[in-house]
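Written out below as structure tokens is the structure these notes cover.
Residue numbers start from 1 in every chain, and the chains themselves are labelled A, B, ... in the order their sequence lines are given, proteins ahead of strands.
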Amino acid sequence: MEAVLYGKAVHVHGVTDFFSDHVFDCGQAFRWKQGEKGYTAVVDSKVIRASYDTEKQILVLENCSLDDYHGFWRNYFDLDRDYGQVKKDLSSDPVMKEAVAYGWGMRVLNQDPWETLISFIISANNNITRIKGIIDKLSARFGKEIVWEGKSYYSFPTPESLAAADDSALKECGCGYRGRYIKNTADMVARGLVSPYEIRELPYEEAHKEVQKFTGVGDKVADCILLYSMGKAEAFPVDVWVKRVMEYFYIGHPVPIKEIKSIAAKQFGRYAGLAQQYLFYYAREKKIGK
DNA sequence: AAACAGGAACCAC
DNA sequence: GTGGTTCCTGTT
């Protein structure tokens, strides 16, 4: 991999196992929007546009410096993980082989723990379209405006701004009963009672327990936060889709979520979270079990 | 228009 | 600690 600066864009040469639709539309991130020139998002209070040239194997990051790339985006896009090897390892199992072939360009992003915490509290009992809408409204209302190419974008709200939010404003953003959970959680973080950044440093089991101290975070949401923002590749979030696909292909009948997690841990090992990501995309696109 | 989709809180037991 | 019910909003 070699990163080269062209004007205000970084071109990363030699990136493999990358396909934008798989990366940005597999349910892990909610702020990336597809446009003519690529996918655009606000991440870490910066607007970024990403596009990938499959033929030349170049990842183009617009509005990005070389320092930004090495200091942030390289890790954000998980570019130092050998997905070729991961996919090879997972493909010894015929079901995973099929799922991996289908979502071949998926990568698990390393996102911000605070943003991921709130985003997945919103995700509970909710669907992706609605989650995206709620996060957009919250950002427009409580985030900071950033203008790029003549367009307005909004950063993800800070803990302080959400802790101070009116109940009615959260309701208008479509949070529903989750507004209370968001405020409670934001308040805990703003007061420094629990830090998502400190939780990130803990091993899986402890982090899984700690993150559930936030209101609105249960077993599944905890696993999402650990996998998508705390570098825990063994975390295996079981939502209805993953439950269905696991029962359909591996078990044959309905079982409790706890059992699905332990079967997955045995079957997929330390990459269970990456396996989950391929399975989720496969199950949802193919409507397995529906 | 009633039914459904989607995880965690909360209260019984 | 387990099981059943309720929470909110958008879609069918």
In this structure, how many angstroms lie between the [atom2] atom of [N] and the [atom1] atom of [X], rounded?
| X | N | atom1 | atom2 | answer |
| --- | --- | --- | --- | --- |
| A/Ile118 | B/dA8 | CD1 | P | 14 Å |
| A/Ile182 | B/dA9 | CD1 | C1' | 15 Å |
| A/Asp223 | B/dA8 | CG | C1' | 14 Å |
| A/Lys171 | C/dG10 | NZ | P | 11 Å |
| A/Ile131 | C/dT11 | CD1 | C1' | 15 Å |
| A/Ile128 | B/dA5 | CD1 | P | 16 Å |
| A/Arg130 | C/dT9 | CZ | P | 7 Å |
| A/Asn127 | C/dT9 | CG | P | 13 Å |

ask   = Which one, C/dT9, B/dG7, B/dA9, comes nearest to the side chain of A/Lys220?
value = B/dG7

ask   = Any idea which of B/dA9, C/dC8, B/dG7 is nearest the A/Arg178 side chain?
value = C/dC8

message = Distance to the ring centre below 6.0 angstrom and angle to the axis at most 45 degrees; does that hold for A/Lys46 and A/Phe72?
response = yes

query = Would you call the rings of A/Trp114 and A/Phe156 parallel, tilted or perpendicular if under 30° counts as parallel and over 60° as perpendicular?
reply = perpendicular

Between [X] and [Y], is there a side-chain N and carboxylate O pair less than 4.0 Å apart?
| X | Y | value |
| --- | --- | --- |
| A/Asp136 | A/Lys132 | no |
| A/Glu210 | A/Lys213 | yes |
| A/Arg284 | A/Asp239 | no |

message = Show every salt bridge (Lys or Arg N to Asp or Glu O under 4.0 Å) that has at least one partner inside residues 57-70 of chain A, sequence neighbours left out.
response = A/Arg49-A/Glu62

remark   = Assert: residue with more 5' nearest nucleotide on DNA chain B, out of A/Val240 and A/Arg180, is A/Val240

Where protein sits on nucleotides 2-7 of chain C, one letter per nucleotide: B base, S sugar-phosphate only, - none, heavy atoms under 4.0 Å = -----B

inquiry  = Test: ring pair (Phe, Tyr, Trp, His ring centres under 6.0 Å). Region: residues 244-266 of chain A. Which pairs qualify, not counting sequence neighbours?
reply    = A/Tyr250-A/Phe268

query = Can you tell me if the side-chain N/O atoms of A/Trp241 get under 4.0 Å from OP1 or OP2 in B/dG6?
reply = yes

inquiry  = Taking 4.0 Å as the cut-off, does a side-chain nitrogen or oxygen of A/Arg284 come that near to OP1 or OP2 on B/dG6?
reply    = no

task = Give A/Ser123 one of three labels, base, sugar-phosphate or nothing, depending on what nucleic acid heavy atoms sit under 4.0 Å from its own.
result = nothing

